[in-house]
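What you see is a predicted model, and the numbers here were worked out from it, not measured in a lab. A, B, ... follow the sequence lines: proteins, then strands. Residue 1 opens every chain.
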Number of protein chains: 2
Amino acid sequence: MTDHQGLLADCPARLAFDLLAHTWDPVILWALRRGPVRPHQLVKHIGGISPKAMNQSLHRLRAAGLVQRLPRPGTPPHVDYTLTPLGRTLLTPLATLGTWAATHGNAVTTTQTSPTT
Amino acid sequence: MTDHQGLLADCPARLAFDLLAHTWDPVILWALRRGPVRPHQLVKHIGGISPKAMNQSLHRLRAAGLVQRLPRPGTPPHVDYTLTPLGRTLLTPLATLGTWAATHGNAVTTTQTSPTT
DNA sequence: CAGAATCCTTTACGATACTG
DNA sequence: CAGTATCGTAAAGGATTCTG
């Protein structure tokens, strides 16, 4: 195989997709683009995500070094999550996907609704 | 919610991610970038994907209008799959992700291996 | 060879309840 | 309020087998 120009089963490019493969991970990443946000804020803002799923995503994203946890001392507990510098680098590809969806998403939806054949 | 700048639970941008969320879908899309390929070729080329998963992905991608099936009459059966024009438009975002992985993928792997803190 | 059908295992994710 | 643990459901995907 000398054709490894990307995206094979064991290709490093797969990493990016696995990173975003989970339903909420890209959503959370995007929601954090502005700056630190608290978990509860994320849940409310995104809508439709359970606190548990939120936590799992946050865990994955932290493990990947894309998101950082910022504990604020005090009572009641207060925590912020924010993108790491590495995490910020993902915003551009994310935006590219978003732009594609905005441009061609309608075509996909139409196709799925009325099969052209 | 007046902050719908993208990527909420019900945001249209989600479509792009759901499209690529399945493990093999982006891989197959990428494998087809050059032109028509036969299923068996795809399985061999990609490696690690079962024929069933391949078929399911191909179905989804066809339903989404990203991939087209080209039956060649004859015996034994011969079929080619190729990207539709719509499918081709996804190659750019795909490449963007791939580039990101090539650039920052290593950082992610490193982080996951040795938690920085 | 294409691809659909069946079986089985893993895991994402929601709901709920509990701990610090 | 943050985060974890448990339970239950749905679905992805591998292995195998059968049909056109």
Side-chain angles (χ1 to χ4, degrees), chain A residues 7-11 14 17-29 31-32 36-64 66-82 112 115 117, chain B residues 7-11 14-15 17-29 31-32 36-64 67-82 112 115 117:
Chain A
L7 287 179
L8 293 175
D10 58 351
C11 176
R14 281 286 312 284
F17 293 99
D18 290 343
L19 235 38
L20 306 177
H22 296 272
T23 306
W24 300 113
D25 292 17
V27 182
I28 292 173
L29 245 22
L32 293 178
V37 182
R38 300 171 59 177
H40 189 57
Q41 297 293 336
L42 281 174
V43 172
K44 285 195 309 179
H45 177 70
I46 291 174
I49 181 177
S50 68
K52 178 196 163 188
M54 170 70 71
N55 238 321
Q56 289 177 330
S57 288
L58 252 17
H59 264 289
R60 274 191 299 269
L61 296 173
R62 277 211 292 157
L66 301 176
V67 164
Q68 194 173 3
R69 205 182 95 111
L70 302 175
R72 317 283 195 190
T75 305
H78 183 146
V79 178
D80 276 321
Y81 283 90
T82 188
Q112 289 176 335
T117 303
Chain B
L7 286 179
L8 294 175
D10 58 351
C11 176
R14 282 284 314 283
L15 173 66
F17 293 99
D18 290 343
L19 234 38
L20 305 178
H22 296 273
T23 307
W24 300 112
D25 292 18
V27 182
I28 292 174
L29 245 22
L32 293 179
V37 183
R38 300 171 61 176
H40 189 57
Q41 296 294 334
L42 281 174
V43 172
K44 284 196 310 180
H45 178 70
I46 292 173
I49 181 177
S50 69
K52 180 197 164 186
M54 171 68 72
N55 239 322
Q56 288 178 331
S57 289
L58 252 15
H59 263 289
R60 274 191 299 268
L61 296 173
R62 278 210 291 158
V67 164
Q68 194 174 3
R69 205 183 95 111
L70 303 174
R72 316 286 193 188
T75 305
H78 184 147
V79 179
D80 276 320
Y81 283 91
T82 188
Q112 289 176 334
T117 305

#### Entry: Counterpart residues, side-chain contact (heavy atoms from CB on, under 4.5 Å), relative to B/Asp18 (two or more places apart)
B/Arg14
### Query
What pairs with A/Arg62 under side-chain hydrogen bond (donor to acceptor under 3.5 Å, both in side chains), at least two apart in sequence or on another chain?
none
### Task
Write down the distance between CD (A/Gln41) and P (D/dC1), rounded to a whole number of angstrom.
10 Å
### N/O (side chain, A/Arg38) to phosphate O (OP1/OP2, D/dA2) under 4.0 Å
yes
### Summary
Rounded to whole Å, the CG-C1' distance (A/Asp18 to D/dA12) equals 13 Å
### Task
Identify whether any heavy atom of A/Pro39 sits under 4.0 Å from a base atom; if not, whether one sits that close to sugar-phosphate; answer base, sugar-phosphate or nothing.
sugar-phosphate
### Message
I need the B/Leu70 CG to B/His78 NE2 distance, nearest 0.5 Å.
### Response
9.5 Å
### Query
Taking only side-chain nitrogens and oxygens of A/Asn55, does any of them come within less than 4.0 Å of OP1 or OP2 of D/dA2?
no
### Query
Quick one: A/Tyr81 OH to D/dC1 C1', roughly how many Å, whole number?
12 Å
### Query
Can you name the residues that form a side-chain hydrogen bond (donor to acceptor under 3.5 Å, both in side chains) with B/His59, not counting sequence neighbours?
none
### A/His40: side-chain contact (heavy atoms from CB on, under 4.5 Å) partners, not counting sequence neighbours
A/Lys44
### Message
Assuming nearest nucleotide by heavy-atom distance, tell me which of A/Pro76 and A/His59 is located more 5' along DNA chain D.
### Response
A/Pro76
Listing time: all N or O pairs from protein to nucleotides 12-16 of chain C that are below 3.5 Å?
from: C/dC13; atom 1: OP1; to: A/Thr23; atom 2: N; distance (Å): 2.9
from: C/dC13; atom 1: OP1; to: A/Thr23; atom 2: OG1; distance (Å): 2.4
from: C/dC13; atom 1: N4; to: A/Lys52; atom 2: NZ; distance (Å): 3.1
from: C/dG14; atom 1: OP1; to: A/Trp24; atom 2: NE1; distance (Å): 3.3
from: C/dG14; atom 1: OP1; to: A/Gly48; atom 2: O; distance (Å): 3.2
from: C/dG14; atom 1: OP2; to: A/Ser50; atom 2: N; distance (Å): 3.3
from: C/dG14; atom 1: OP2; to: A/Ser50; atom 2: OG; distance (Å): 2.6
from: C/dG14; atom 1: O6; to: A/Lys52; atom 2: NZ; distance (Å): 2.2

Run the side-chain donor-acceptor check on residues 46-58 of chain B: report pairs under 3.5 Å with partners two or more places apart or on a different chain.
from: B/Ser50; atom 1: OG; to: B/Ala53; atom 2: N; distance (Å): 3.2
from: B/Ser57; atom 1: OG; to: B/Asp25; atom 2: OD1; distance (Å): 2.7
from: B/Ser57; atom 1: OG; to: B/Ala53; atom 2: O; distance (Å): 3.2
from: B/Ser57; atom 1: OG; to: B/Arg60; atom 2: NH2; distance (Å): 3.2

